[in-house]
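These notes are about the structure you will find just below.
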Amino acid sequence: NPTPPPSTCPQIPNPNPKMAAAEEGKADGKMAAADEGKAEGTMAAAEEGKAEGASYPDRSTPPILEVALGKDFVDIPSNADESPAWLLLVGVMSGGLRFHRFGVARSGRISGRSGDTLQIFHDLKKRQGCSRSARAAMASDGRSLCLLQRVEKAQTEALQLQLPAEEELPAEVLLPPLDPSMRGRCVPISADGHIWAVSASYCSATSFRLVLQRLVIQEEEGVAGQHWEQVGGPFIQHCKVELSHPMWSPDLLQGYAVLPGQGPDGGTLILLSLGNRLFFTFNCSAPNSGWTKVTHTSKDKYYVPILGRGVYAQESNAVYMVGKNVIYAYKLKLGHEETSLKLDPPVEICFPSVTRNTAHSFLTHLGRGVMCCVWICVGLPCWLDHLHAIITTFHLGPEPSDLKLLHSTSRQVDMLLPMKHLDEFEFCFLQEYKDDKALPPQAHEEGVLLHDRCRS
């Protein structure tokens, strides 16, 4: 089947007599009832995941997926594996950093009931002089989180949050501060068994620099010591500085993705995304080789930066990230005789029922072909006390636009401190980790979709 071309978000079609009810999975002409899992010609039973030549049906345009606050959706087979698999931490800043937590089963089902309040996992009080922003990365042990917070007019503070295996409280451990050469926004990255920290800052109106450090753990007299060491020298690049798009972060460093197995020697690459539409890769197996510029396969200027942590999915060989109400997917290309990565323009998957101007969002790849996205909505009048989140899981197909909606539900998000202004809020990160001792997700119940005052 041909690969669907990238396109902009289409408008939601208005119902008309020629179109059958979407809820019953019907369409005219060449498409048969989806409830029956049938399709004409080359498409086989959808419920059994069969098709001639592909695992998912071909689409002429990227899909529009209907998820909405207060609207639950479940499309999981009754015989699916409902055993617990992942726990996810939602980092929200409001007067301090609060960690919320929820679970996802192997089937993609989200634990809990719609309308419930997300579990409060841990509160990290705002330290004197720290900015509101915080970034996190999971260590290679899968049991500790590295947090970076910028200290006003000083260094970037590093903190380790140890995640307990049992019902114990998380432990906070201070890490050595980063070197003052780490200017601008600093982001922690977990790749190739190490924690890395990268920063990007402007040198002038026509140049910028990248600085990379790695957290080193050494045993000295039976005691583990930690320090940051700089990897290579600062990388300085001359370029034309463009004004940021309104949806982008004002920082030069926008985001990143970790690409295991994509290096020339089969090693891990770090893909860095900057606000001037430039992308660079760093080979963790060859740190002395420095940064390599990524090639665009098209002159199309619609190469949106990766916002926060992008996620790589081997199933489609693509990097996914979410911005407002759109998921963007970058297909990776690397020739057998080439050493530099190439990016096609991104494919878009649209969520028109998510209010674009009031949605803060992150997504992550859980494994087993399951991806999870969290939108936190700030447009309701109850934001002084709490916010509301849409949590959605998908199953990935072989092409970037092949996303099958598994489960979508809503949760209430309580703030650490009451907010006076929405500027006090920031959705900082979404981080997954495995926990075999997690309680099984509850059976799906209707629950209370929205409280009366929130619904009104």
Checklist entry - Any Lys/Arg nitrogen of Arg98 or Asp123 sitting under 4.0 Å from an Asp/Glu carboxylate oxygen of the other? => result yes
Item to check | Polar side-chain atom of Trp375 near backbone of His360 as donor-acceptor pair, under 3.5 Å | outcome: no
Checklist entry - How about Ser107 and Asp81: does a side-chain donor come under 3.5 Å of a side-chain acceptor? => result no
Next on the checklist: Rounded at 0.5 Å granularity, tell me how far CG in Leu87 sits from NZ in Lys434.
Outcome noted: 12.0 Å
Next on the checklist: So does Gly103 get a backbone contact from the side chain of Ser111, meaning a donor-acceptor N/O pair under 3.5 Å?
Outcome noted: yes
Checklist entry - side chain to side chain contact (heavy atoms under 4.5 Å, CB included) between Ile391 and Phe102: does it pass, once the steps are laid out? => result CA-CA 10 Å; Ile391 305 176; Phe102 65 93; 3.7 Å; yes
Item to check | Interatomic spacing from OG1 in Thr409 to CG in Asp72 - rounded to 0.5 Å | outcome: 4.0 Å
Checklist entry - Within the side chain of Arg185, is there an N or O that forms a donor-acceptor pair under 3.5 Å with the backbone of Gln254? => result yes
Checklist outcome for this item: One should read off an interatomic distance between Thr292 OG1 and Phe282 CZ, to the nearest 0.5 angstrom, of 9.5 Å
Checklist entry - Can a donor-acceptor pair be found between the side chains of Arg101 and Tyr433 at a distance below 3.5 Å? => result yes
Checklist entry - In chain order, what residues pass the salt bridge (charged side-chain N to carboxylate O under 4.0 Å, His left out) check against Arg209, with sequence neighbours excluded? => result none
Next on the checklist: Strictly below 4.0 Å, N to O, side chains only: are Lys404 and Asp75 in salt-bridge contact?
Outcome noted: yes
Item to check | Side chain Thr393, main chain His407, donor-acceptor under 3.5 Å | outcome: yes
Checklist entry - Does Trp228 reach the main-chain N or O of Pro176 with its side chain, forming a donor-acceptor pair under 3.5 Å? => result yes
Item to check | Distance, nearest 0.5 Å, that separates OG of Ser201 from CE of Met182 | outcome: 9.5 Å
Next on the checklist: I'd like to know whether Met371 forms a side chain to side chain contact (heavy atoms under 4.5 Å, CB included) with Glu315, so could you lay out the CA-CA distance, the side-chain angles of the two residues, the decisive distance to 0.1 Å, and finally the verdict.
Outcome noted: CA-CA 11 Å; Met371 189 163 65; Glu315 292 86 347; over 6 Å; no
Item to check | Donor-acceptor contact below 3.5 Å, side chain Arg368 vs main chain Gly108 | outcome: no
Next on the checklist: Are His122 and Leu161 packed together at the side-chain level, in the sense that at least one heavy-atom pair is separated by less than 4.5 angstrom?
Outcome noted: yes
Item to check | Any donor-acceptor pair under 3.5 Å from Asp116 side chain to Arg113 backbone | outcome: yes
Next on the checklist: To the nearest 0.5 Å, what is the distance between CG on Leu272 and CD1 on Ile189?
Outcome noted: 6.0 Å
Item to check | Mutual orientation of the aromatic rings belonging to His296 and Tyr303 [parallel < 30°, tilted 30-60°, perpendicular > 60°] | outcome: parallel
Checklist entry - Phe73 and Val67: side chain to side chain contact (heavy atoms under 4.5 Å, CB included), yes or no, with the steps? => result CA-CA 8 Å; Phe73 176 90; Val67 301; over 6 Å; no
Item to check | Pair Phe362 and Phe427, ring centroids less than 6.0 Å apart | outcome: yes
Next on the checklist: side chain to side chain contact (heavy atoms under 4.5 Å, CB included) for Val216 and His194? Distances and angles first, verdict last.
Outcome noted: CA-CA 8 Å; Val216 177; His194 296 278; over 6 Å; no
Checklist entry - Less than 4.0 Å between a side-chain N and a carboxylate O, is that true for Arg309 and Glu432? => result yes
Item to check | Heavy-atom pair with the smallest gap, counting every atom of Leu269 and Gln262 | outcome: CD1-O, 3.4 Å
Item to check | Member of Phe279, Tyr320, Tyr328 meeting the side chain to side chain contact (heavy atoms under 4.5 Å, CB included) criterion with Ile306 | outcome: Phe279
Checklist entry - Are any side-chain N or O atoms of Asn283 and backbone N or O atoms of Gly263, one a donor and one an acceptor, separated by less than 3.5 Å? => result no
Checklist entry - When rounded to the nearest 0.5 angstrom, what is the spacing between CD1 in Ile327 and CE in Met321? => result 10.0 Å
Item to check | Cys428: which of Leu97, Val92, Val90 passes side chain to side chain contact (heavy atoms under 4.5 Å, CB included) | outcome: Leu97
Next on the checklist: Whether the side chain of Ser273 engages the backbone of Tyr256 through a donor-acceptor N/O pair (distance < 3.5 Å, no angle test) should be reported.
Outcome noted: no
Next on the checklist: When you measure from the side chain of Ser316 to the backbone of Pro400, do you find a donor-acceptor pair of N or O atoms at a distance under 3.5 Å?
Outcome noted: no
Checklist entry - Picking from Leu148, Val211, Leu253, what satisfies side chain to side chain contact (heavy atoms under 4.5 Å, CB included) with Cys186? => result Leu148
